[in-house]
Amino acid sequence: MSSHRHRGPGRVATSARRSVRPGLAALLVLAVGSSLGGVAAAYFGSDGAGTGSLTTGDLHAPTGVTATTQPGTGDVDIAWTAPAGGVAPAGYRVQRVPASGPAVDACGTTATSTTAGTGCTDEEVPLGTSTYVVTAVLRTWTAASAPSDAVSVDQVTQAITFTSEPTDPVYAGPAYAVSAEGGDSGNPVLFSSATPAVCTSSGTYGATITFVGAGTCTITADQAGTAYYAAAPQVEQTFQVARASQVITFTSTAPGGATVGDSGYQPTATGGASGNPVVLSIDASTSANCSIAAGVVSYLRAGTCTIDANQAGDADHAAAPQVQQSFAVSPAAQAITFTSTPPTDAKVGDTYAVTATGGASGNAVVLATTTPAACSVAGTGPGAATVTFTAQGTCTITADQAGDADHLAAAQVTQSIGVTRRAQTITGLTSPSSPAVGGSYTVTATGGGSGNPVVFSTTDPARCTATGANGHTITFVSAGSCTVEANQAGNATWAPATTASVTFTISAPADTTAPTITSIDPGNESGVWTSIACQPSSPNARICVTATDGVGVDGVSIKLTKSNGRCWSGSGSSSFDAANCGTPIALTLSAGVWRSSVLAVQGNGGQPNFNTTSYTLEVTVRDAAGNTTTATRTFTVTG
């Protein structure tokens, strides 16, 4: 507590009181200034005892009494001015005089318990209006001041001020720690929610605000009062609680190889806590490239396909921001298929109707050839053409199809066809009526379409020969069988004709002369084989015979016998055996010489090898008239 001194002069007391011991009832009132034998008269009250005598003099009352409240405490500070003259008081007694009701001691409660100073504090003063009277006390003498101005002890008002603001309040978001300043009563500010559907209050003094819904949140703040502080008027803090945000996340991976015409991707996504479904749709900007039905995406055009994901909100959740998933749709591949079967026996001059189908671009399948020397291709319509085979060889047909924005160009496919020349046939080959040695005839025949002449020849010039233009003249040389062959060359269109032939027998003129043997090799001689034999290459050898006859030599045969009686097989080997001796070996005419096959020399390895020993060669020549001549030769091989 504090005490205050107040200004203001006092005035002289007009009466004096003296207290008497309890039980005394005498009361004596003297006029101011009267005296009795130098002893002042006094009023003796029941509040004290005194001697009943006082040195002559005045006891003045205090002056300038003031009373000041200490707001909110119930304390009143009283101050006064000590008497300016007269007898100094021993102390002061202070009384509070309510506006209604009896006076109450404030400071110095009795005549003998006084306040020494010129100020004091009246504590815990009830609410209301009072005045204060200060009495100077000197033993049993008192002198009362004039009352102070009225002083009122009232409750102090309190005011509440919020000192916090929520930061981005949102449904189900972080709690808000509200704070506020109140009055000086010392009582806490208590918080509560006026909108419990949007926000709730909990924790110490209700200062934890939890956002349980979206909308307007109103927080009330109250502060209780005390004896000397009034309760603070309730204040409110109002703000909006936003709806909670939602986030959409694609849970499926976009396809990496989407192509036009395909489908099958099923996009999925999760959203926020509203419980509303995530709705998937094709973004309008790519609706020409893809579509979605029953959750499955189909790829319509090449380009970008964008899927939009949206989720609606509710009372407590905002609609989720749209999320997109994009991926590329590639052009579709195209494939070409030949729908026609190529000919298996294509001839020069033939034609073939080739057809093929392609992919979905709608572009025409273009048919061409990479072998223009063998065939030509003339288009007759999309995917169709006429192939003409122009020469022997391989005809290769190509098929191509261009792409477009949604389709790749098709891979080229080919079809290959073997082309052969057309066949020619020789017909009407003529033969002589009665051929005889020394005669001739003009052979004729009709050929194929190449236009080339039919050319004639004979297979055995020793019997008959073909001379003149294209071999039309056949001359009969010797008696026996004569074969005339007819051939026709081809050209780019026509293949050479198959050889035609006619065989007839040339008769010999009358002749009784036997053939003449002009030489035999080896003959009657001795020596190493390579020196006595007709040999093609050492160490092999042949047997050679030449002969003449008027009607022509028709054939030569030999028999080669070893010294042990075994005969050569004539097979071109060195095989000798007795079984070979009954069959002569026919020689072959070559360049006017009748020749055996090659005899293989085996050295001296024993039978049946050809080796160093003596041999007997028997030669028989037959002419066309059937006459024969036989000659024998004996030779010895020495090494």
Side-chain angles (χ1 to χ4, degrees), residues 338-356 366-380 384-399 412-432 435 440-477 481-506 588-591:
F338 278 102
T339 54
S340 59
T341 302
T344 58
D345 186 25
K347 302 295 184 181
V348 175
D350 290 348
T351 59
Y352 159 50
V354 60
T355 57
V366 177
L367 300 167
T369 179
T370 58
T371 56
C375 57
S376 63
V377 176
T380 59
T386 298
V387 179
T388 300
F389 304 115
T390 57
Q392 179 173 292
T394 299
C395 170
T396 299
I397 303 169
T398 61
Q412 185 184 78
V413 295
T414 61
Q415 193 178 68
S416 295
I417 304 166
V419 181
T420 58
R421 289 178 290 181
R422 304 184 76 81
Q424 297 185 102
T425 302
I426 297 174
T427 60
L429 180 59
T430 60
S431 58
S440 65
Y441 87 106
T442 301
V443 62
T444 60
T446 302
S450 68
N452 291 323
V454 177
V455 177
F456 303 97
S457 62
T458 63
T459 61
D460 188 357
R463 290 279 187 267
C464 50
T465 60
T467 59
N470 299 319
H472 276 282
T473 299
I474 305 301
T475 301
F476 310 129
V477 177
S481 176
C482 173
T483 299
V484 177
E485 292 183 339
N487 291 278
Q488 184 183 27
N491 56 19
T493 303
W494 299 88
T498 302
T499 299
S501 64
V502 60
T503 301
F504 51 87
T505 300
I506 301 171
T588 301
L589 180 64
S590 175

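All figures in this text were calculated on a predicted structure; none of them were measured in a lab.
Using a 30° and 60° split on the angle between ring planes, Phe476 and Tyr441 fall in the parallel class, below 30°.
Val484 and Phe504 make their closest contact through CG2-CE2, 3.8 Å (heavy atoms, listed as atom of the first residue, atom of the second, distance). Closest heavy-atom contact between Gly471 and Ala466: O-CB, 3.7 Å. Shortest non-hydrogen contact noted between Thr369 and Ser376 is CG2-CA, 4.5 Å. For Cys395 against Thr371, the heavy-atom pair with the smallest separation is CA-OG1, 3.3 Å. Minimum heavy-atom separation, Ala373 to Thr390: O-OG1, 3.3 Å. The nearest pair of heavy atoms linking Gly379 to Ala385 is CA-CB, 3.9 Å.
No donor-acceptor pair closer than 3.5 Å links the side chain of Glu485 to the backbone N or O of Thr499. Using a distance-only test at 3.5 Å, with no hydrogens or angles considered, no donor-acceptor pair links the side chain of Arg421 to the main chain of Val348. Under a 3.5 Å cut-off, the side chain of Gln424 and the backbone N or O of Ala489 do form a donor-acceptor pair.
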### Task
Could you check Cys375 against Val419 for side-chain contact (heavy atoms from CB on, under 4.5 Å), going step by step and ending with a plain yes or no?
CA-CA 9 Å; Cys375 57; Val419 181; 5.7 Å; no
### Query
Under the side-chain contact (heavy atoms from CB on, under 4.5 Å) criterion, do Lys347 and Thr420 qualify, and how do the steps go?
CA-CA 5 Å; Lys347 302 295 184 181; Thr420 58; 3.0 Å; yes
### Query
Given Ile417 and Ile397, is the side-chain contact (heavy atoms from CB on, under 4.5 Å) satisfied, shown in steps?
CA-CA 8 Å; Ile417 304 166; Ile397 303 169; 4.0 Å; yes
### Query
Can you list the steps and then say if Asn470 with Val454 is a side-chain contact (heavy atoms from CB on, under 4.5 Å)?
CA-CA 7 Å; Asn470 299 319; Val454 177; over 6 Å; no
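Between Val502 and Phe456, the closest side-chain pair of non-hydrogen atoms is not below 4.5 Å. Contact check for Val477 versus Thr465: side-chain heavy atoms found under the 4.5 Å cut-off. The shortest side-chain heavy-atom distance between Asp350 and Pro343 does not fall under the 4.5 Å cut-off. With contacts defined as side-chain heavy-atom distances shorter than 4.5 Å, the pair Ile474/Thr458 qualifies. With contacts defined as side-chain heavy-atom distances shorter than 4.5 Å, the pair Trp494/Asn452 does not qualify. Considering only heavy atoms from C-beta on, Arg422 stays 4.5 Å or farther from Ser450 through its side chain.
The CG atom of Leu367 sits 8.5 Å away from atom OG1 of Thr355, with the distance rounded to the nearest 0.5 Å. Expressed to the nearest 0.5 Å, how far OG1 of Thr398 lies from CD of Gln415 amounts to 11.0 Å. Annotation: the span from Thr414 atom OG1 to Phe338 atom CZ amounts to 7.0 Å, rounded to 0.5 Å.
No side-chain donor from either of Thr446 and Thr427 sits under 3.5 Å from a side-chain acceptor of the other. Under 3.5 Å, the side chains of Thr483 and Thr503 contain a donor-acceptor pair of N or O atoms.
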